[in-house]
Structures are given as structure tokens and as C-alpha cells.
Number of protein chains: 2
Amino acid sequence: MATEVDTEITHLKNQLAQRHLKLTRQREIVLDAFLKNDHITAEALYQQIAKTNAHLGLATIYRTLNLLCELGIGQERHFGDNKTTFDNVLHKKHHDHLICYKCGKIVEFECSEIEKLQEEMADKHGFILQNHKLELYGYCKDIENCEKSITTPTPAVGVPTS
Amino acid sequence: MATEVDTEITHLKNQLAQRHLKLTRQREIVLDAFLKNDHITAEALYQQIAKTNAHLGLATIYRTLNLLCELGIGQERHFGDNKTTFDNVLHKKHHDHLICYKCGKIVEFECSEIEKLQEEMADKHGFILQNHKLELYGYCKDIENCEKSITTPTPAVGVPTS
DNA sequence: ATGATATTGATAATGAAAATCAAAGTCGAA
DNA sequence: TTCGACTTTGATTTTCATTATCAATATCAT
């Protein structure tokens, strides 16, 4: 069954082999859990994995997440709070984020036109584009379902007092 | 003379007054130094200010930079390394960044078409757009002037071993 | 000028992420 | 399959950027 994950495992295995690194049980577990979560922190992944696989060290989580980033499977994000979140970028196409300052909601979107313009800008400035991060910050129009702050709201940047 | 800075000081003063905050000598000094630098870290700003104004505490730098962000004068950035950099966004129009993985060079650019598409995307997803961050990562085409790594290179995300 | 309130500075505290290192696991070659 | 060189893990400590603390000081509306 788990074809999705198997594909990733194979990919990971190949990537590791290329670099003379080893496929360990821990790396499989972390990859598996990582693929099931979006914008997750190392600590949160640690907690989650701990439920079924006791004693997979936090250090290993950090190491593996960094490894996944180096292999192009994951990407680091900083959404205003002080914790780094990790995001799967391999099988989901380049996707960008909308973040609500008030309730912390994160919506993903894609825009091929923007992607295209990014390529143009990189080219124009003498860069070979490999990757990008686009984050749009603002507020939900639907105030009803927003008001209740989920997380500590990021201080509104560039927003006049009103 | 220093009209540029004076304008900012006035702006800052107004913003502070609105919030019942006070315009202190330290805040003026930090604002002044901040406006003369791009992508600067709190620590670097501290060092720089120390040359002419001894004993302006590091904590004050942090506090003031965070304040400037809240007032919409500055914006935090995370360019791969572990230090937060601060960026002036008030009088320079929204500008985005190209970052070279190898040499760490940062180039600023503007693209009104992208900005426009961003507005559209936000609107489409029920967001009122306030702000954005766009970072393009890649490599300099001009390898000659790139090779020498200035800073610790960020591990290449999403780049296959080649 | 005064006093209520905000700010500073020096330092300690916090906490996310990285470093350490002995013990254990992985995997290619024999 | 076994061996052994090499990598990884886990538990912990360490690092260090950023924040909190709090007494002393500065600001500003009145």
C-alpha cells in the first residue's frame, strides 16, 4: 500500500547512497512522520514520534530534518515565531504561504505566473534560481472565524495603529 | 540637511506618540544607524553604534529593532543563518531578495507584476494583504566572483548532488 | 517644574539548535 | 554470513541569539 511513502523512502535511499550515508530505521521514521505533517517544528515532530516510537532522540530529529533539507526534501521556514518549521517541498510543487497575523492561519497556494516572473527576475540579475520562499502576511477577511488567536500573534509588521 | 532622517524621526515620533511611547535619545540613534544599513543584525548594529556612542546596551538595540518592526519601519529576515537580520521597508518600496547559496551575496529587486499577482492571490484566498517576503535562492552565474564563500554557505536546499 | 509612566543598562535567564562522544548500527567486500 | 571500516544514535552538555528582570534614570503631558 503505502506507495507514497515508499517512493520517498526509495528517493531518500538513493540520495543517501550517493553521499555514502546510511538508511537507518530512525531516518525512515522521521521521514515518514515528516511527510504527514506540514509546517511542523522539530519539537512537535519529536512529541509525535514519541507516541509510537519511544526514545528516538530529539537530536536525531534535528539532524534528520536538516539532512532532509540538504537533500531537497524539506525546507526551513520562519513564520514570525522563534521556532523553525519544516515543510515538505518534494512532491508538492513549489507552494507559497498566506499567513494571518491575527489567528495564525496558514493557507498554501500556487501561482505559476509568479513562478515564471521569479525566473525572469533571477535571470535578469545574473542568478541561477534553485529555490524560493514567498510568504504573504495579512488578515483574514472573515473576521468571525479569525478573531480567536490560535497562537501568539506575530506583531503586525507595517500595519498602522487603527 | 539630514532631511531623510528627519522625516523618519518625525514619523517615528508620531507613531510613538500614538502609542504613548517616548522618543528617547537611544531610539533616535538606533533609528539613524538602522536607516544606513541593509540586512543588518542586532549584534552588528550594536558594534557599529558602539564606535560613536559607547554604552548603548545590546538589549536596547533589540528592543528598538523590534519596536521599529512593530511600527512598520523595519522587517525581520532569516536568510538561512541563525541570526535575524533587519531590513528597512518604509522608504524603500517593497523590495525582495536574491540570495546566492555559495557566496552569500544578496541582491535586491522589485517587480510590480509580482506584487500585483500577490494581491490577487491574497484576495482570492480571502486575505487582506499587509506585507510580504519573497526570497529567491540560487547561484551566481558569474562563478569567477562568486567562488570565495563570504559567509558560511547555507546548505543548498533542493539542489541535487552534481 | 512635577510626577506618573516609560525606558535604559547590566546582567541573568531562556530555550532552540548544535556539539560531544561512547555505544550501537549499517552495509560493502570477502 | 561474517567482518570491519565507517556512520549514526542517544543522552547530555554546550552554545549563543534573544528576552526578561529590575533598580536607576529619562521623558513628557499637565
Side-chain angles (χ1 to χ4, degrees), chain A residues 9-10 12-31 33 39-47 49-50 53-71 74-86 151-152 154-155, chain B residues 9-10 12-31 33 39-47 49-50 53-71 74 76-86 151-155:
Chain A
I9 296 285
T10 304
L12 176 61
K13 202 167 184 173
N14 291 340
Q15 291 288 305
L16 292 174
Q18 274 190 351
R19 300 174 186 225
H20 308 291
L21 302 178
K22 294 167 182 175
L23 179 62
T24 63
R25 174 145 176 62
Q26 288 87 340
R27 282 175 177 167
E28 283 192 84
I29 293 169
V30 173
L31 175 63
H39 327 117
I40 195 164
T41 63
E43 181 67 33
L45 206 58
Y46 174 68
Q47 300 293 347
I49 288 174
N53 300 76
H55 308 313
L56 201 164
L58 182 56
T60 301
I61 305 277
Y62 274 107
R63 281 186 292 233
T64 308
L65 284 173
N66 286 335
L67 179 63
L68 293 178
C69 287
E70 282 173 34
L71 299 181
Q75 191 177 50
E76 292 187 14
R77 301 272 176 183
H78 293 266
F79 285 135
D81 30 33
N82 53 330
K83 289 185 183 178
T84 300
T85 59
F86 294 85
T151 59
T152 311
T154 304
Chain B
I9 295 285
T10 304
L12 176 62
K13 201 166 184 174
N14 291 340
Q15 291 287 306
L16 292 173
Q18 274 190 350
R19 300 176 186 225
H20 306 291
L21 302 178
K22 293 166 183 175
L23 178 62
T24 63
R25 175 149 172 61
Q26 287 88 339
R27 282 176 178 167
E28 282 192 83
I29 293 170
V30 173
L31 174 63
H39 326 118
I40 195 164
T41 64
E43 181 66 35
L45 205 58
Y46 174 67
Q47 299 294 345
I49 288 174
N53 300 77
H55 310 312
L56 202 165
L58 182 55
T60 301
I61 305 278
Y62 274 106
R63 280 186 292 231
T64 308
L65 285 173
N66 287 335
L67 179 63
L68 292 178
C69 287
E70 282 172 35
L71 299 182
E76 291 187 16
R77 302 272 177 185
H78 294 265
F79 287 133
D81 31 32
N82 55 330
K83 289 184 182 177
T84 300
T85 60
F86 295 84
T151 59
T152 310
T154 304

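Letters A, B, ... mirror the listed sequences (proteins, then strands); counts begin at 1. For the numbers below, each heavy atom of this structure counts, side chains included, while hydrogens, waters and symmetry mates do not.
- Rounded to an integer number of Å, the gap from NE2 of A:H78 to P of D:dT18 is 11 Å.
- Among the candidates A:T60, A:V30, A:L58, the single residue satisfying the side-chain contact (heavy atoms from CB on, under 4.5 Å) test with A:I49 is A:V30.
- For the pair A:A59 and A:E43, both in contact range of DNA chain C, the more 5′-proximal nearest nucleotide belongs to A:E43.
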Using the side-chain contact (heavy atoms from CB on, under 4.5 Å) rule, take A:T24 and A:T64 through it: C-alpha gap first, then chi angles, then the decisive distance, then the call.
CA-CA 10 Å; A:T24 63; A:T64 308; over 6 Å; no
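- Distance from the side chain of B:T60 is smallest to C:dG9 among C:dT7, C:dA17, C:dG9.
- Residues A:A42 and A:I61 approach most closely at O-CG2, 3.6 Å, considering heavy atoms.
- Of the inter-residue distances, the one linking B:Q15 atom CD with B:R19 atom CZ reads 6.0 Å to the nearest 0.5 angstrom.
- Atom pair A:Y46:OH and C:dA17:C1' shows a separation of 15 Å (rounding to whole Å applied).
- Of all heavy-atom pairs between B:G57 and B:Y46, the closest is C-CE1, 3.9 Å.
- B:L12 places its CG atom 14 Å from the P atom of D:dT27, with the value rounded to the nearest Å.
- Here C:dT8 presents its P atom at 12 Å from CG of B:L65, a figure rounded to the nearest Å.
- No option in A:L65, A:I40, A:T41 other than A:T41 meets the side-chain contact (heavy atoms from CB on, under 4.5 Å) test with A:T85.
- Checking the phosphate oxygens (OP1, OP2) of D:dT19, no side-chain nitrogen or oxygen of B:Y62 falls inside 4.0 Å.
- Pairing each heavy atom of B:H78 with each of B:T84, the nearest pair is CE1-OG1, 3.3 Å.
- With rounding to whole Å, B:I61 atom CD1 is found 12 Å from C:dG9 atom C1'.
- Stretches of at least 3 consecutive Watson-Crick or G-U wobble pairs, with each checked distance under 3.5 Å, appear in DNA chain D as C:1-30 with D:1-30.
- Considering only residues two or more places apart in sequence or on other chains, A:R27 meets the salt bridge (Lys or Arg N to Asp or Glu O under 4.0 Å) condition with none of them.
- Regarding B:R27, its CZ atom lies at a distance of 6 Å from the C1' atom of C:dT7, rounded to whole Å.
- For A:R63, there are no salt bridge (Lys or Arg N to Asp or Glu O under 4.0 Å) partners two or more places apart in sequence or in a different chain.
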For each nucleotide in nucleotides 22-30 of chain C, reading 5' to 3', give B when a protein heavy atom comes within less than 4.0 Å of its base, S when such contact involves only the sugar-phosphate, and - otherwise.
---BBS---
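- When each of B:A17 and B:N66 is assigned the nucleotide of DNA chain D bearing its nearest heavy atom, the one mapping closer to the 5' terminus is B:N66.
- Note: CD (B:E28) to C1' (C:dT7) measures 14 Å, nearest angstrom.
- Using a 30° and 60° split on the angle between ring planes, A:F79 and A:H39 fall in the perpendicular class, above 60°.
- Taking side-chain N and O atoms only, B:T84 has a distance below 4.0 Å to OP1 or OP2 of D:dT18.
- Computed from coordinates, the A:N82 CG to D:dA20 P distance equals 10 Å when rounded to whole Å.
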Protein-nucleic acid N or O pairs under 3.5 Å, nucleotides 22-25 of chain D:
none

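- In this structure, CD on A:E76 lies 4.5 Å from CZ on A:F86, to the nearest 0.5 angstrom.
- Qualifying side-chain contact (heavy atoms from CB on, under 4.5 Å) partners for A:A50, counting only residues two or more places apart in sequence or in other chains: none.
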